[in-house]
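The block underneath contains the structure these notes are about, expressed in structure tokens.
If you're wondering where the values come from, they're calculated on a predicted model, not measured in any experiment.
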Amino acid sequence: MWVLQTPPIVRQGPFQSHLSCTSRVLSRFRVAFVSLNPSADPIKDSKSDNNRLIQSLCKEGNLKQALQLLRSVRNPTQQTFEQLIYCCAQQNSLDGGLDVHRCLVNSGFDQDPFLATKLINMYYEFGSIDHARKVFDETQERTIYVWNALFRVLAMVGCGEELLDLYGQMNWIGIPSDRFTYTYVLKACVVSELSVCPLRKGKEIHAHILRHGHEANIHIMTTLLDVYAKFGCISYANSVFGAMTAKNFVSWSAMIACYAKNEMSMKALEMFQLMVLEARDLLPNSVTMVSVLQACAGLAALEHGKMTHGYILRRGLDSILPVLSTLITMYGKCGEISMGQRVFDKMKSRDVVSWNSLISIYGMHGFGKEAIQIFESMIHQGVSPSYISFIAVLGACSHSGLVEEGKVLFESMHSKYRIQPGMEHYACVVDLLGRANRLDEAIELIEDMHFEPGPTVWGSLLGSCRIHCNVELAKRASTMLFELEPRNAGNYVLLADIYAEAKMWNEAKSVMRQLEARSLPKLPGCSWIEVKRKIYSFVSVDEYNPQIEELHALLIKLSTEMKQQGYVPQTNVVLYDLDEEEKESIVLGHSEKLAVAFGLINTVKGETIRITKNLRLCEDCHAVTKFISKFANREILVRDVNRFHHFRDGVCSCGDYW
DNA sequence: ATAGGGTTAG
């Protein structure tokens, strides 16, 4: 939380002298005013008129004159103060706000709960949370509006601990929560770092809501659904959704967003179908469509994406910026940069997010130079880069190995654009240096960081150690990672991989034993392919796939051909102690190869095969796909968890650098 | 008087 440095609110003493020194100015003003209305009695009638005049000055945004006039009014009304407060908030004038606050106290409105809520909101607009809290503390008669106003502020800035403490006090006093209170308290669980388990707290509040008979309130229940969604508790979210007696399009959108954000894109699309077909009276809006597009992007389902684009056009939602940014990203993630570019070119107005979307799709396809050019033309057109612009452009550099360019950009971030590099930027640069085998520079950068490096930074380093087989540095990175995220199985697998690569079998085995002892869930490798608007998914060594025999036969045939041309299966990714033949069969059963084989069988010649994968592409799959692209004369597009690979005629667009 | 779902990266 950040708080503006502001002078304290003074009630007596200095306040009086301040008034007396400004009253001279005001008396001059009053003369001017009165002279404009010669018929009015200068003292008596100006009272109500001045109130009205202040209010209209406020509405015009003329804060300065309104404040001057305020001094001359003997009895300002509640409405006058309300308008003044709005005006200060709108003009972002903290000084004005403090001034109004002082006058308000002096006029005896300091215990008015209505104005207290207005003041709390005003101070929130200025970012002065301490002032907002002070208003709350000094108000004796705390109506539910006053409580809710402060709850709203605390939830917005992420002071969940403070909010929950106050909420406890409120319950203790016996003030009943209303439907607004619950939404703020729920939101606080998501946005704040709590000392108690936030999910548990959420469930507790869920119980309060049910106990007090709010289960039919659509706002509360939708917020609750969203809270569970943000914690990744899909089944809880779904059961809240199912239990809702009335659902509107926001509830549906929240449920779709829940699936889209929790790697259940397929479910999200199904939900959208249901919404369109079953809940006909509920029209999806732009917010709904953003989540639907994200789901299409998640699956790299180009046909679904195009259909969704068509729907957006028909519904006239194609001029809404967030929709367009998401469309650009969707096309990029479906492998169609040119379509993304076309959406961007057609836009009538663009914001920094639109630019960021374009930069990042070029980046993930390995067009680093182009991404930098776009970044530069954005600046040239007067759009200042944001925190995320730098993540996008630095990421682009690291996918293309543009080390020097990336370093210059990283340097310019603070010196030229006054943006403090955050964790994500460090993670990008560590990745950039690490991939280029400049591991010593990478570790130097980590040591120079002005805050504690988090798991993403060490993760980048460990990934680079994997590529360049640096055991010593890998030990250091993994020690940190095991401490920071002990439940992430991926780190153990990566370290074991590195040991295996270095033929340190005992160490590799011991890491895997540790992993098993902790019984952590390992993310299974999974690949998808869209064929004729249907999405098919594959897991490694997929015994239940109805076409598995046919797929295997094709892969064995291909692998035999490849071996004749000098291909050697790269089985070192298999960490189990098996003989070479068994290892080969495991590698040949990788989900990505099954998806490629499925694509070869089920699509026509000349059609691009598009595959998505939830992990990084393994070396063997990479080598095999290169071969197949030449042998079968097919373009194959693979999106792994980091980036795109375009395979054509035996080469990959990543230049074997990924 | 106050409220619910979303945009870009990794």
If you only use heavy atoms from C-beta on, which nucleotide in [options] is closest to the side chain of [X]?
X        : options              : value
A/Thr223 : B/dT7, B/dG4, B/dA9  : B/dG4
A/Val250 : B/dG4, B/dG6, B/dA3  : B/dG4
A/Ser357 : B/dT8, B/dA9, B/dG5  : B/dT8
A/Met364 : B/dA9, B/dT7, B/dA3  : B/dA9
A/Glu424 : B/dG5, B/dT7, B/dG10 : B/dG10
A/Val353 : B/dG6, B/dA9, B/dT7  : B/dT7
A/Thr329 : B/dT2, B/dA9, B/dG5  : B/dA9
A/Asn148 : B/dG10, B/dT2, B/dT7 : B/dT2
A/Phe114 : B/dT8, B/dG5, B/dA1  : B/dA1

Nearest-Å distance, [atom1] ([X]) to [atom2] ([N])?
X        : N      : atom1 : atom2 : value
A/Phe390 : B/dG10 : CZ    : C1'   : 17 Å
A/Phe151 : B/dA1  : CZ    : P     : 21 Å
A/Met378 : B/dA9  : CE    : C1'   : 13 Å
A/Leu462 : B/dG10 : CG    : P     : 19 Å
A/Tyr184 : B/dA1  : OH    : P     : 14 Å
A/Leu150 : B/dA3  : CG    : P     : 14 Å
A/Arg435 : B/dG10 : CZ    : P     : 11 Å
A/Asn121 : B/dT2  : CG    : C1'   : 8 Å

Among A/Thr117, A/Thr183, A/Thr181, A/Thr143, which residue satisfies the side-chain hydrogen bond (donor to acceptor under 3.5 Å, both in side chains) criterion with A/Asn148?
A/Thr181
Would you say the side chain of A/Tyr167 lies within less than 4.5 Å of the side chain of A/Trp147, judging by non-hydrogen atoms?
no
State, with a plain yes or no, whether a side-chain heavy atom of A/Gln55 is found less than 4.5 Å away from one of A/Glu82.
no
Distance-only donor-acceptor test, A/Ser253 side-chain atoms vs B/dG5 base atoms, 3.5 Å:
yes
Heavy-atom donor-acceptor pair, A/Asn248 side-chain to B/dG4 base, under 3.5 Å
yes
Taking only side-chain N and O atoms of [X], does any of them lie within less than 4.0 angstrom of OP1 or OP2 on [N]?
X        : N     : result
A/Lys333 : B/dT8 : no
A/Lys187 : B/dT2 : no
A/Gln294 : B/dT7 : yes
A/Ser325 : B/dT8 : no

Could you tell me whether the side-chain ring of A/Tyr145 sits stacked on the base of B/dA1, using a centroid cut-off under 5.5 Å and a plane angle under 30°?
yes
Kindly confirm whether the side-chain ring of A/His219 is stacked on the base of B/dA3, judged by centres under 5.5 Å and planes under 30°.
yes
Assign [X] to base, sugar-phosphate, or nothing according to its heavy-atom contacts below 4.0 angstrom with the strands shown.
X        : value
A/Lys247 : nothing
A/Glu82  : nothing
A/Ile218 : base
A/Thr456 : nothing
A/Ser286 : base
A/Thr288 : base
A/Asp226 : sugar-phosphate
A/Asn285 : base
A/Tyr387 : nothing

Are side-chain N/O atoms of A/Gln341 and A/Tyr331 paired as donor and acceptor at under 3.5 Å?
no
For the ring pair A/Phe390 and A/Tyr417, is the centre-to-centre distance below 6.0 Å?
yes
With a 6.0 Å cut-off on ring centres, are A/Tyr236 and A/Tyr228 close enough?
yes
Check whether A/Phe180 forms a cation-pi arrangement with A/Arg152 (NZ or CZ under 6.0 Å from the six-membered ring centre, at most 45° off the ring normal).
no
Rounded distance [0.5 Å steps], NZ in A/Lys333 versus CG in A/Leu293
11.5 Å
